Peer 1: 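Have a look at this one.
Fair warning: this is a prediction, and the values are worked out from it, not measured in the lab. Worth knowing before you read on, the calculation uses all heavy atoms, side chains too, and leaves out hydrogens, waters and symmetry mates.
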Amino acid sequence: MSSEITPRANAPLLHLFQGKPVRLIGKVTEVRGETATLDAAGSVTVYATRDSNFKEGNVYEVIGRVQPDLSLKMLDGIDFGTNIDMDNANALAELSQRHHEIFFDK
């Protein structure tokens, strides 16, 4: 992966980053082939890489490029397991937007 900046986002923030890479933390609610649906303060479709093995109920951080339909084309990801507070993950995404100068340049 390149050294592009990957701001944190959740479903309501994806429209701000169309065509750009983001980091999104979400809980897998459905897996269908190479597509997964994650709950990240809203539903997000992730087009996975061939070697990703999404497991329903687990939380993942996905680095992906935001598509025009606000889905993510996965570039990389990590399984965080099940012991993640999604309220905190979503708060981090929201705070990173309000205080972007700490996290990334707009």
Side-chain angles (χ1 to χ4, degrees):
M1 192 171 139
S2 72
S3 61
E4 287 183 86
I5 293 172
T6 52
R8 296 202 174 271
N10 57 16
L13 297 172
L14 289 177
H15 72 281
L16 299 173
F17 301 104
Q18 287 185 18
K20 297 179 182 172
V22 296
R23 290 178 180 268
L24 179 136
I25 297 174
K27 184 175 187 175
V28 178
T29 58
E30 182 178 29
V31 179
R32 286 187 179 200
E34 292 181 9
T35 303
T37 304
L38 275 64
D39 181 7
S43 185
V44 178
T45 299
V46 176
Y47 296 98
T49 59
R50 291 189 187 270
D51 61 342
S52 59
N53 293 311
F54 285 111
K55 182 177 176 185
E56 284 187 31
N58 280 21
V59 175
Y60 289 78
E61 179 178 56
V62 173
I63 300 171
R65 191 166 301 278
V66 181
Q67 303 301 296
D69 64 357
L70 303 183
S71 65
L72 289 180
K73 182 177 180 190
M74 184 175 179
L75 303 170
D76 201 0
I78 186 167
D79 184 347
F80 283 169
T82 58
N83 193 21
I84 296 291
D85 185 326
M86 286 305 300
D87 289 335
N88 286 340
N90 286 313
L92 177 60
E94 297 288 337
L95 285 171
S96 72
Q97 290 304 303
R98 276 186 266 167
H99 303 285
H100 63 86
E101 63 280 358
I102 296 170
F103 297 94
F104 64 95
D105 294 326
K106 275 196 171 182

Peer 1: Do Phe80 and Met86 sit in one hydrophobic cluster, given that two such residues count as connected whenever their side-chain heavy atoms are within less than 4.5 Å of each other, even indirectly?
Peer 2: yes
Peer 1: Would you please name every residue forming a side-chain contact (heavy atoms from CB on, under 4.5 Å) with Asn88, sequence neighbours left out?
Peer 2: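 Residues passing side-chain contact (heavy atoms from CB on, under 4.5 Å) with Asn88: Asp85.
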Peer 1: Indicate the atoms forming the closest heavy-atom contact of Ala93 with Ala9, along with that distance.
Peer 2: CB-C, 3.8 Å
Peer 1: For residues 36-46, please give each side-chain donor-acceptor pair under 3.5 Å, one per line with the distance, not counting sequence neighbours.
Peer 2:
from  : atom 1 : to    : atom 2 : distance (Å)
Asp39 : OD1    : Ala41 : N      : 3.4
Asp39 : OD1    : Gly42 : N      : 3.3

Peer 1: What heavy-atom pair brings Leu70 and Leu14 nearest, and what distance separates the two atoms?
Peer 2: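 So the minimum-distance heavy-atom pair works out to O-CD1, 3.2 Å.
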Peer 1: Just by modelled atom types, is the Arg23 backbone N or O under 3.5 Å from a matching donor or acceptor in the Arg8 side chain?
Peer 2: no
Peer 1: Among residues at least two apart in sequence or on other chains, which ones pass side chain to side chain donor-acceptor pair (under 3.5 Å) with Asp79?
Peer 2: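 Only Asn58, Tyr60 meet the side chain to side chain donor-acceptor pair (under 3.5 Å) criterion with Asp79.
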Peer 1: Please name all residues satisfying side chain to side chain donor-acceptor pair (under 3.5 Å) with Gln18, sequence neighbours left out, ordered by chain then number.
Peer 2: none
Peer 1: Name all residues meeting the side chain to side chain donor-acceptor pair (under 3.5 Å) criterion together with Asp69; count only those two or more places apart in sequence or in a different chain, and write none if there are none.
Peer 2: Ser71
Peer 1: Does anything in residues 20-46 pair up under ring pair (Phe, Tyr, Trp, His ring centres under 6.0 Å), and if so which pairs, sequence neighbours excluded?
Peer 2: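 Qualifying pairs, neighbours excluded: none.
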Peer 1: Show every salt bridge (Lys or Arg N to Asp or Glu O under 4.0 Å) that has at least one partner inside residues 46-59, sequence neighbours left out.
Peer 2: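 Pairs touching residues 46-59 that pass the test: Glu34-Arg50.
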Peer 1: Apply side-chain contact (heavy atoms from CB on, under 4.5 Å) to residues Gln67 and Leu72 and explain how you reach the verdict.
Peer 2: CA-CA 6 Å; Gln67 303 301 296; Leu72 289 180; over 6 Å; no
Peer 1: Would you mind listing the cluster partners of Tyr47? Hydrophobic ones only (ILVMFWY), side-chain contacts under 4.5 Å, chaining allowed.
Peer 2: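 For Tyr47, no cluster forms, as it stays isolated from other hydrophobic side chains.
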Peer 1: Report yes if some heavy atom in the side chain of Phe54 is under 4.5 Å from a heavy atom in the side chain of Met74; otherwise report no.
Peer 2: yes
Peer 1: Assigning hydrophobic clusters by single linkage (Ile, Leu, Val, Met, Phe, Trp, Tyr; side-chain heavy-atom cutoff under 4.5 Å), is Leu16 placed with Leu24?
Peer 2: yes
Peer 1: Please name the pair of heavy atoms, one in Lys27 and one in Gly57, separated by the smallest distance, quoted to 0.1 Å.
Peer 2: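 Distance-wise, the nearest heavy atoms are CE-O, 3.3 Å.
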Peer 1: Going by heavy atoms in the side chains, are Thr6 and Lys20 under 4.5 Å from each other?
Peer 2: no
Peer 1: Out of curiosity, Thr49 OG1 to Leu75 CG, how far, rounded to the nearest 0.5 Å?
Peer 2: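 Here the interatomic distance stands at 9.0 Å.
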